[in-house]
Amino acid sequence: MQFVDSVFQLRETLKGWRSAGLTIAFVPTMGNLHAGHLKLVEEARENADKVVVSIFVNPMQFGVGEDFETYPRTELEDNQKLRQTGADLLFQPTVTEVYASDAKTVVTVSGLSDMHCGLSRPGHFSGVATVVCKLFNMVQPDIALFGTKDFQQLAVIKTMVRDLNIPVGVIGVETVREASGLAMSSRNGYLTNEEKQIAPSLYQALCQAKAAVQMTDQPYSSIEQAAMTALTEAGFQPVYFSICRAEDLSKATPTDNNLVILAAAKLGKTRLIDNLAFSLN
Ligand code: PAF
């Protein structure tokens with residue numbers, strides 16, 4: 001696996017691959033790689049000739065008081081995992097390589113960025129959209145792969161790609177879960193042993209809400225409220241629990257068929273998110 005940290009080196013390598021007619025898959029990450037990331041790399045391997053992975057802890061998507069400084073940086077382990085999984089190139093730029101000190105351009109996908117996680121993390125999705133747009137311009141991949149665990153992030157990126165005519169196929173890859181059901185996340189490493197026992201309740205709450213939607217006539221607002229109460233009783237501080245239309249993440253009504261239940265909850269200092277998408281027919 002080749003390692004590059006400058007856009008110049010990256011473009012030199014990619015130029016060679018493209019002129020040889022090779023297709024390129026791209027997996028953007030913030031490092032601290034777990035089985036969920038490695039599944040993205042494996043899917044990328046199956047769908048393109050060459051796989052580029054980036055590791056960049058993007059300061060622009062962290063709010064004041066969030067964990068940018070303490071976000072786990074595990075370069076050696078990440079490098080080894082990527083080699084074993086068959087990535088061809090690791091792009092690991094510095095902040096100054098990615099952002100000009102007087103940068104003036106921000107990409108914002110309005111509406112979609114302001115709901116759910118966007119309400120409690122203002123500016124977060126503009127940080128994500130801006131860096132992903134820049135990374136797409138640097139790598140110019142044929143396809144890019146993202147986990148569906150970050151369902152709202154994926155929706156923001158797909159909309160950005162459509163609206164800005166970016167010639168990249170965006171592929172969502174299913175969430176990888178621990179045996180307990182807990183969605184894999186770099187932030188799971190922040191959980192104490194006691195919190196690790198509680199954390200799977202988030203997925204259980206999603207499964208129970210899905211069953212209630214499918215098998216009862218309860219109003220969606222009652223199902224959401226019951227889930228918020230169950231999460232609080234389990235020891236979480238729920239941020240939101242919302243039964244939504246999968247297409248645009250707006251509140252679902254009983255006539256909608258394609259649904260996603262989106263949830264975020266704090267457990268101690270750790271903010272966890274998860275979701276469950278399903279169709280009613
Ligand atoms: O999902 C992530 O790890 C990040 O939000 C991403 C897409 C790499 C952008 O920094």
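The basis for the numbers below is simple: all heavy atoms, side chains too, and nothing from hydrogens, waters or symmetry mates. Each ligand, and each atom within it, is numbered from 1 in the order the structure gives. All residue numbers refer to positions in the sequence shown, counting from 1. Small disclaimer: the values here were computed from a predicted structure and weren't measured.
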(message) Please determine whether a side-chain nitrogen of the Lys or Arg among Arg45 and Asp88 lies less than 4.0 Å from a carboxylate oxygen of the Asp or Glu.
(response) yes
(request) Among Ile, Leu, Val, Met, Phe, Trp and Tyr joined by side-chain contacts under 4.5 Å, find the other residues sharing a cluster with Val213 and list them by chain and number. (result) Leu182, Leu191, Ile198, Leu202, Tyr203, Leu206, Tyr220, Ile223, Met228, Leu231, Phe236, Phe241, Ile243, Leu259, Ile261, Leu267, Leu272, Leu276, Phe278, Leu280
(request) For side-chain contact (heavy atoms from CB on, under 4.5 Å), just list the numbers for Val106 and Met60, CA-CA rounded to whole Å, side-chain angles, deciding distance to a tenth of an Å, and then say yes or no. (result) CA-CA 10 Å; Val106 171; Met60 199 180 159; 3.8 Å; yes
(message) Within ligand 1, which atoms have a heavy atom of Val131 less than 4.0 Å away?
(response) 9 (C), 10 (O)
(request) Classify the contact between Thr29 and ligand 1 as side chain, backbone, both or neither, using a heavy-atom distance cut-off of under 4.0 Å. (result) backbone
(request) Check each of Lys149, Lys134, Gln153, Gln61 against atom 10 (O) of ligand 1 and report the one with the nearest heavy atom. (result) Gln61
(request) Working to the nearest 0.5 Å, report the span between CZ of Arg83 and NZ of Lys81. (result) 14.5 Å
(request) For atom 3 (O) of ligand 1, grab the closest protein heavy atom and report residue, atom and distance to one decimal in Å. (result) Met30 CG, 3.7 Å
(message) Membership question, hydrophobic clusters at under 4.5 Å side-chain separation (ILVMFWY): are Val128 and Leu262 in the same one?
(response) yes
(message) Evaluate Asn58 for polar contact with ligand 1, using N/O atom pairs at a separation under 3.5 Å.
(response) no
